[in-house]
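The chain is numbered in sequence order, starting from 1. Scope of the values below: all heavy atoms of this structure, side chains included, with no hydrogens, waters or symmetry mates. This structure is a prediction, so every number in the text was calculated from the model and none was measured.
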Amino acid sequence: MRFRVHTLFAAIAALLPALAIPMGLSASPAAANEVVVGGTLTTTQQAPWVVALSSRARFGSARSGQFCGAVAVGPRTVVTAAHCVGTEALGVSDWHQLPDLRVIAGRTDLGGSAGEELQLSGIWVDPDYDQSTNAYDVAVITLAQPLQDASAIPLAQSSDTADYQAGTPAEVYGWGDTTGRGGYPSTLHTAQVGILADSACEAAYPGGSSGTYEASSMVCAGVDGGGKDACQGDSGGPLVVAGRLVGLVSWGNGCALDGFPGVYTRVSAVADLIAQHM
């Protein structure tokens, strides 16, 4: 099981690819066309609710210090993966110990300075989050000031069962690895994938080293034969169906590999809890 956070080691490898630094959380080569993996360029104008988590102190100044994705669901509320705000990602036991932790909104190109960088006033992590299985992998970030330009995206609700039917088209967004080999872009990408049946996800991840799929809090998405998927650096970013947030990038085995779809936090399972912290 591999998280999809842009680790410090992955950041170093992206800056110094010639060194071929081995990474404990590195991805296997992806079956993709080198262009999220298998995706295309998009902008924060087209998807204004896509935001980034950043810390230059932890991840360096390149790409604005981005290490995870996140999603604006209210004027001062952002959701992301719980593992993005944990000790492994942040390198500290308490996020307050990372004073330059920011949410970046309205910045398509992380090499630029467009948009805004906002301070955090609070982080709530789902108490049911299980680090061993990655179940209920969700955190709610409260911003110190409201977003100026980012539009909020509505959350999928428990009644939105059609959003999770197998074959439903979906889009995943992020600034993460586009090759499966540590190729981090500075610009936002999106990939078209499809929701998969829980039975297919359970067959792909029955337990063991590849991870365990739990339908109560997870949904998975991909394409036949692989080639399109979220990857390192995309954790916490959105999986969108028909203009609703249905998933948050969580984990997977490799990136875009045939037989191993991406696994996402099932937003409809945690929507009520998120609403309580908005």
Side-chain angles (χ1 to χ4, degrees), residues 1-14 20-32 36-38 67-69 80-91 125-126 128-139 166 172 174 176-184 191 193-237 239 247-266 269-270:
M1 181 176 69
R2 183 181 50 74
F3 293 140
R4 293 181 165 185
V5 63
H6 185 175
T7 66
L8 178 61
F9 298 106
I12 294 171
I21 300 173
M23 296 177 289
L25 297 179
S26 64
S28 302
V36 149
V37 172
F67 64 96
C68 268
T80 189
H83 73 261
C84 284
V85 294
T87 302
E88 182 178 1
L90 300 184
V125 174
D126 192 324
D128 288 329
Y129 171 53
D130 187 333
Q131 295 184 53
S132 62
T133 65
N134 231 24
Y136 296 96
D137 187 14
V138 61
V172 58
D177 187 353
T178 58
T179 67
R181 295 181 293 275
Y184 291 92
V193 293
I195 302 295
L196 299 181
D198 288 331
S199 58
C201 304
E202 290 165 351
Y205 299 108
S209 60
S210 63
T212 304
Y213 179 81
E214 298 183 10
S216 60
S217 67
M218 302 173 187
V219 61
C220 73
V223 296
D224 289 342
K228 293 184 179 183
D229 194 8
C231 199
Q232 295 282 76
D234 291 323
S235 279
L239 180 69
L248 298 171
V249 178
S250 184
W251 61 277
N253 184 21
C255 298
L257 300 180
D258 186 16
F260 294 102
V263 185
Y264 302 78
T265 302
R266 186 181 291 261
V270 295

Which donor-acceptor pairs under 3.5 Å do the side chains of residues 193-201 make with protein atoms, sequence neighbours left out?
| unit_1 | atom_1 | unit_2 | atom_2 | d |
| --- | --- | --- | --- | --- |
| D198 | OD1 | Y213 | OH | 2.6 |
| D198 | OD1 | R266 | NH2 | 3.0 |

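- The distance from the OG atom of S235 to the NE2 atom of H83 is 3.0 Å, given to the nearest 0.5 Å.
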Please step through side chain to side chain contact (heavy atoms under 4.5 Å, CB included) for the pair Y136 and T265, ending with a clear verdict.
-> CA-CA 6 Å; Y136 296 96; T265 302; over 6 Å; no

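- Atom CG of residue D128 and atom CG of residue D137 lie 12.5 Å apart, to the nearest 0.5 angstrom.
- Nearest heavy-atom pair across T80 and L248 is O-CD1, 3.6 Å.
- Residue pairs satisfying the salt bridge (charged side-chain N to carboxylate O under 4.0 Å, His left out) criterion with at least one member in residues 202-219, sequence neighbours excluded, are absent.
- D229 contributes atom CG, which lies 10.5 Å from atom CG of N253 (distance to the nearest 0.5 angstrom).
- For the atom pair CH2 (W251) and OG (S210), the distance works out to 6.5 Å, reported to the nearest 0.5 Å.
- The shortest heavy-atom contact between C220 and P261 is SG-CG, 3.8 Å.
- Closest of all the heavy-atom pairs between Y264 and G247 is CB-CA, 4.1 Å.
- Taking 4.5 Å as the limit, every side-chain heavy atom of N134 sits out of range of all side-chain heavy atoms of V263.
- Nearest heavy-atom pair across A230 and V249 is CB-CG1, 3.6 Å.
- C231 and D234 get closest at one heavy-atom pair: N-OD2, 2.8 Å.
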